[in-house]
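Atoms within each ligand, like the ligands themselves, are counted from 1 in listed order.
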Amino acid sequence: MTSTLETQPAAAPGPAAAAVREVRVAIIGSGFAGLGMAIALRRRGEHDFVVLERADDVGGTWRDNTYPGAACDVQSNLYSFSFAPNPDWPRSYSEQPEIQAYLQATADRFGVREHCVFGADVTSARWDDASRRWQVRTTAGEFRAQVLVSAAGALADPTYPDIPGLDGFAGTVMHSARWDDSHDLTSEKVAVIGTGASAIQVVPAIQPIVDSVAVYQRTPAWVVPRTDHPVKPLMRTLYRFVPGLQRAVRSALYLFREFLVIGMAKQRRFLKPVAKLARTHLHRQVRDPKLRAALTPDYTIGCKRILISNDYFPAVAAPNAELVTAGIAEVREHSIVDRDGIERPTDTIVLATGFHVTDLPIAEKICGRGGTSLAEVWSDGMVSNRSSTVAGFPNLFLLVGPNVGVGHTSMVYMIESQVAYVDDALQTMDAEGLEVLETTEQAQQAYRDLIAEKSKGTVWLAGGCASWYLDKHGHNTTLWPDFTFRFRRLTRTLDRENYVGTPAAAPAGTPEVAA
Ligand code: N01
């Protein structure tokens, strides 16, 4: 059970500074990862935990990304929790409102909402060696937790481009992940900067209503057809009454998508049919050879995320749309000037410019032994043991941390693998009476070497593109570079030999014992 303790006032003044809530586990974030972790705890009877959520609802990236056209590019039968299938998905690929509703309903169904503290933006989380607890400060008060699970997400904090003059723009500027639903784009002159997964959904959704849309492309994307379709009522009924059928569909989708790993990580020639499919798609949808050439990528397919859309190319080819490839020279009060010197009047700028992925902002707030922050430890690139723990950060677990991202399949599969790993770690602590569990430098180095070895020759490193998958040194610190079932195997149970544990009874300062 959770409890509230009175402690010494914290250094930073604030209304909630004096009351510290004591919990066994504090989870940061309530997206798929945070909810998945919370549900796992609930399902085995653990109630002593909180979910710290900076917003006022669950959902994470699916709550935040409300831009027009927002949808998932993985089929919902796969992009959902394995233990909570939804027979009522209206389409094969769901849109943002349905996914958000699913997450809300799942949180309610498993009783997670009562553990959520909304409006709790984590400002700092510090490991205290003396008390063997995490001291977590949030905008909704202070918490002391034995275990901290960061499920803050990799696609949580938008990046804002450093474009000359952007600050002085007199019109509206919106990031795709911070959409202003009250702003009406009808008959406006809109600029969309970026051509990633978000942009290719925004552009076709707004093109029919705006006066004009200029799409500022730095690098063209590989785009394949979207085989989306409504799920017929009969199928939904079958899913409801024959759950095995939906599980079979899920497995088939999983296996089909896993084939892409062969091309991306093993033998790039297997990507050739996918590239052919994308070229044919472009050829069919764009008649103008000049526009087609501008939309044709010059790097290997898969190097950046492969996008799926049936309406992006037609939208860019529409009479009121323009693809701008010259690059942006500057933004003026009411216009954007490209590097060819062409000035385009602009009412609204949409920044579809992505997220802080290799430089996660949460890493600056989490400080381990000796007050060292994760960001400092990761200044030369993110490292971890099994994408989940970091040496020097006792009792800290990361979900959707380093090298767990996937470009070809459902992130929920990876999240469930990690949740099982963390849950096994917690159960191991219980079983062995451990108060502290910490991975070793050696285990971290071995995992780093494993990732480097697996990444060699992959399309992400050798595909001839720049992407958010790679850090500033060109290292893969974000993606799991192999079949996802191998990650699941690696994280099925805690690799106890790679951890040092401290028994609960041992006084602070007692040397820790290895497995
Ligand atoms: O962001 P991105 P996103 N000047 O980083 C361009 C997931 N997601 O929000 O390619 C000009 O992919 C940048 O150009 P370049 C999915 O995992 C999923 O679209 O670097 N342009 C690029 O075109 C995805 O991968 C779904 O040359 C600038 C774009 O902005 C991830 O989120 C939907 C620039 C950023 O693309 C992120 O996708 C949406 C600058 N200064 C998102 N800076 C679905 O499931 C950046 N760019 C469908």
With a 4.5 Å heavy-atom cut-off, do [X] and [Y] have their side chains touching?
X    : Y    : result
F397 : S150 : no
V422 : L399 : yes
D73  : R226 : yes

**Item:** Qualifying residue, where the test is side-chain contact (heavy atoms from CB on, under 4.5 Å) with T358 and the options are D471, N476, L470
**Value:**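 The residue from D471, N476, L470 that satisfies side-chain contact (heavy atoms from CB on, under 4.5 Å) with T358 turns out to be D471.
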Specify side chain, backbone, both or neither for [X], according to which of its non-hydrogen atoms lie closer than 4.0 Å to ligand 1.
X    : result
Y93  : neither
Y216 : neither
A466 : neither
A352 : backbone

Polar contacts were defined as any N/O atom of the residue lying under 3.5 Å from an N/O atom of the ligand; does this apply to [X] and ligand 1?
X    : result
T195 : yes
W468 : yes
C72  : no

**Request:** Check A315 against V203 and note the closest heavy-atom contact, atom names and distance.
**Result:** CB-CG1, 4.1 Å
**Prompt:** Does OH in Y160 sit with more than 12 non-hydrogen atoms of other residues, nucleotides or ligands closer than 6.0 Å?
**Reply:**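 Counting neighbours around OH of Y160, more than 12 heavy atoms of other residues, nucleotides or ligands fall under 6.0 Å, so yes.
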Out of all atoms in ligand 1, which are within 4.0 Å of some heavy atom of [X]? Include the element for each.
X    : answer
R305 : 16 (C), 17 (O), 24 (C), 25 (O)
A71  : 44 (C), 45 (O), 48 (C)
T219 : 10 (O), 15 (P), 27 (O)

**Item:** The one among R218, R226, M411, K304 that brings a heavy atom closest to atom 28 (C) of ligand 1
**Value:** R218
**Request:** Would you tell me which option among S198, G194, A199 has the nearest heavy-atom contact to atom 42 (C) of ligand 1?
**Result:**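 The nearest heavy atom belongs to S198.
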**Message:** Tell me whether the rings of H281 and F313 are parallel (<30°), tilted (30 to 60°) or perpendicular (>60°).
**Reply:** tilted
**Prompt:** Is the shortest distance from a heavy atom of Y469 to ligand 1 less than 4.0 Å?
**Reply:** no
**Request:** Report yes or no: does a heavy atom of Q217 sit under 4.0 Å from some atom of ligand 1?
**Result:** no
**Item:** All pairs passing disulfide bond (SG atoms under 2.5 Å apart) where residues 300-338 contributes a residue, at least two apart
**Value:**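 Output for this query lists C303-C465.
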**Prompt:** If you draw the axis of the six-membered ring of F169, does the NZ or CZ of R332 fall within 45° of it and under 6.0 Å from the ring centre?
**Reply:** no
